[in-house]
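Below is one structure, written out as structure tokens, with a few remarks after it.
Here the structure is a predicted model, which is why all the values come from computation and not from measurement.
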Amino acid sequence: MIGFGQGNRRSGRRSAVAQHRLVWHAAGLLLAYPDAGQGERLGVVEDILGHLPPNSRDQLAETCRFLRGCDEYVAATQYVETFDLRRRSTLYLTYWTAGDTRNRGREILSFADAYRGAGVEPPKSESADHLTVVLEFAACVDPEAGSKLLSAHRVPLETIWSALTDSNSPYAPVLAAVCGTLPSVSNQDVLRAQHLAASGPPAEAVGLELFTLTVPPRREGVT
């Protein structure tokens, strides 16, 4: 009986990991810049939704419906305004832990090292710490290593979620779904998130050369 119960628990854990990977995959696709491949990505998300539990399915479906019904130009403009021009909702995770400091380069390298440790090279088209990259890695390459990266940045993810919620962003449910796959936050984590939202990320000490926030250049065709 004990062994049978342990098998059930292992099966339950495998099932949870599989669902988390689907959430991460769908979330990464929904948080991608709305370019010409948007329709294909949304089709994949819609296929994934049928395999998810109600809560995460409903959260991701809300954003998916918005993007399906949104004009491509409007979607692209809103994306840039939300994630590229507002530091409070940037998807570059090391900005939240290292800010505009020289430590940020080292922290980005730690993401790249995690990818190489799993046998893949970091993408050349996007920074290794961008949330969409981390989500794709966790979903499609190494769920254990990816989950650790996401969990280590739970406070920044909560802070981004809060900023998106405050601005009534249609992307807020996606962050809610991602946070729902991670371990519960402690009271200390909540206080850290509140402090980070209020004071912003770390700043470099006086006399040191600053890093500039990695914000992609304005996309072609977006004003």
Side-chain angles (χ1 to χ4, degrees), residues 6-32 41 44-45 47-61 63-64 83 89-98 104 106-123 126-164 171-190 192-193 196 201:
Q6 289 175 337
N8 283 341
R9 287 195 292 273
R10 285 194 294 269
S11 177
R13 285 195 293 270
R14 286 195 295 269
S15 177
V17 170
Q19 289 184 346
H20 290 172
R21 294 181 75 169
L22 290 174
V23 170
W24 297 333
H25 192 187
L29 294 173
L30 290 171
L31 291 173
R41 288 193 298 270
V44 175
V45 172
D47 288 340
I48 291 174
L49 294 178
H51 302 280
L52 295 177
N55 193 40
S56 53
R57 180 187 65 221
D58 293 346
Q59 289 166 334
L60 295 169
T63 304
C64 189
F83 297 119
S89 51
T90 180
L91 297 179
Y92 292 96
L93 296 180
T94 61
Y95 175 68
W96 296 102
T97 54
R104 189 164 173 228
R106 183 168 61 248
E107 292 196 13
I108 292 175
L109 182 60
S110 70
F111 281 83
D113 288 342
Y115 304 154
R116 293 190 179 101
V120 296
E121 283 297 311
E126 184 58 271
S127 180
D129 66 323
H130 195 274
L131 180 55
T132 57
V133 177
V134 184
L135 289 169
E136 182 177 355
F137 172 73
C140 303
V141 179
D142 190 329
E144 182 176 356
S147 178
K148 287 179 180 178
L149 288 173
L150 292 168
S151 296
H153 294 81
R154 177 62 188 265
V155 170
L157 291 172
E158 290 278 346
T159 306
I160 299 168
W161 178 15
S162 177
L164 294 174
Y171 290 101
V174 180
L175 270 293
V178 171
C179 288
T181 66
L182 305 177
S184 300
V185 294
S186 65
N187 290 334
Q188 185 177 8
D189 288 334
V190 172
R192 285 176 59 205
L196 189 59

Report task. Carefully, step by step, assess L131 and L175 under the rule side-chain contact (heavy atoms from CB on, under 4.5 Å). Result -> CA-CA 10 Å; L131 180 55; L175 270 293; 4.0 Å; yes
Query raised in the report: After noting the C-alpha distance and the side-chain angles of V44 and H25, does the key distance pass the side-chain contact (heavy atoms from CB on, under 4.5 Å) rule?
Result: CA-CA 9 Å; V44 175; H25 192 187; 4.2 Å; yes
Query - Check against side-chain contact (heavy atoms from CB on, under 4.5 Å), L31 and F83 - result: CA-CA 9 Å; L31 291 173; F83 297 119; 4.0 Å; yes
Query raised in the report: Can you check ring-ring contact (aromatic ring centres under 6.0 Å, His included) on F137 and F111, steps first, answer last?
Result: CA-CA 10 Å; F137 172 73; F111 281 83; 9.4 Å; no
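Across all their heavy atoms, Y95 and R104 have their closest contact at N-NE, 3.5 Å. In plain terms, the two heavy atoms of C64 and L30 that are nearest each other are CA-CD2, 4.0 Å. Between S151 and P183, the closest heavy-atom pair is OG-CD, 3.4 Å. What you find for L150 and V134 is that their closest heavy atoms are CD2-CG1, 3.7 Å. The shortest heavy-atom contact between C179 and L157 is SG-CB, 4.0 Å. The minimum heavy-atom distance between R116 and L109, with the atom names listed, is NH1-CD1, 4.5 Å.
T97 and E107 share a donor-acceptor pair across their side chains, judged by distance under 3.5 Å alone. W24 and T181 are linked by a side-chain donor-acceptor pair at a separation below 3.5 angstrom, with hydrogens and angles left out of the test.
Rounded to the nearest 0.5 angstrom, T94 OG1 and H153 NE2 are separated by 7.0 Å. Rounding to the nearest 0.5 angstrom, the gap separating the OG atom in S110 from the CG atom in L149 is 7.0 Å. Here I108 contributes atom CD1 and D113 contributes atom CG; the two are 12.0 Å apart, rounded to the nearest 0.5 Å. Considering CG of L93 and CG of D129, their distance stands at 6.0 Å, rounded to 0.5 Å. Rounded to the nearest 0.5 Å, atoms CG (L135) and NE2 (H130) are 10.0 Å apart. For the atom pair NE2 of H20 and CG of L52, the computed distance is 10.0 Å after rounding to the nearest 0.5 Å.
S162 contributes no side-chain N or O that, together with a main-chain N or O of E158, makes up a donor-acceptor pair within less than 3.5 Å. Judged by distance alone, the side chain of R21 and the main-chain N or O of P143 form no donor-acceptor pair under 3.5 Å.
Every residue two or more places apart in sequence or in another chain was checked for a side-chain contact (heavy atoms from CB on, under 4.5 Å) with D58, and none qualifies. Residues forming a side-chain hydrogen bond (donor to acceptor under 3.5 Å, both in side chains) with S89 (at least two apart in sequence, or on another chain): none.
A heavy-atom distance below 4.5 Å is not found between the side chains of I48 and H51.
Shown here is E121, whose CD atom has more than 12 heavy atoms of other residues, nucleotides or ligands within 6.0 Å.
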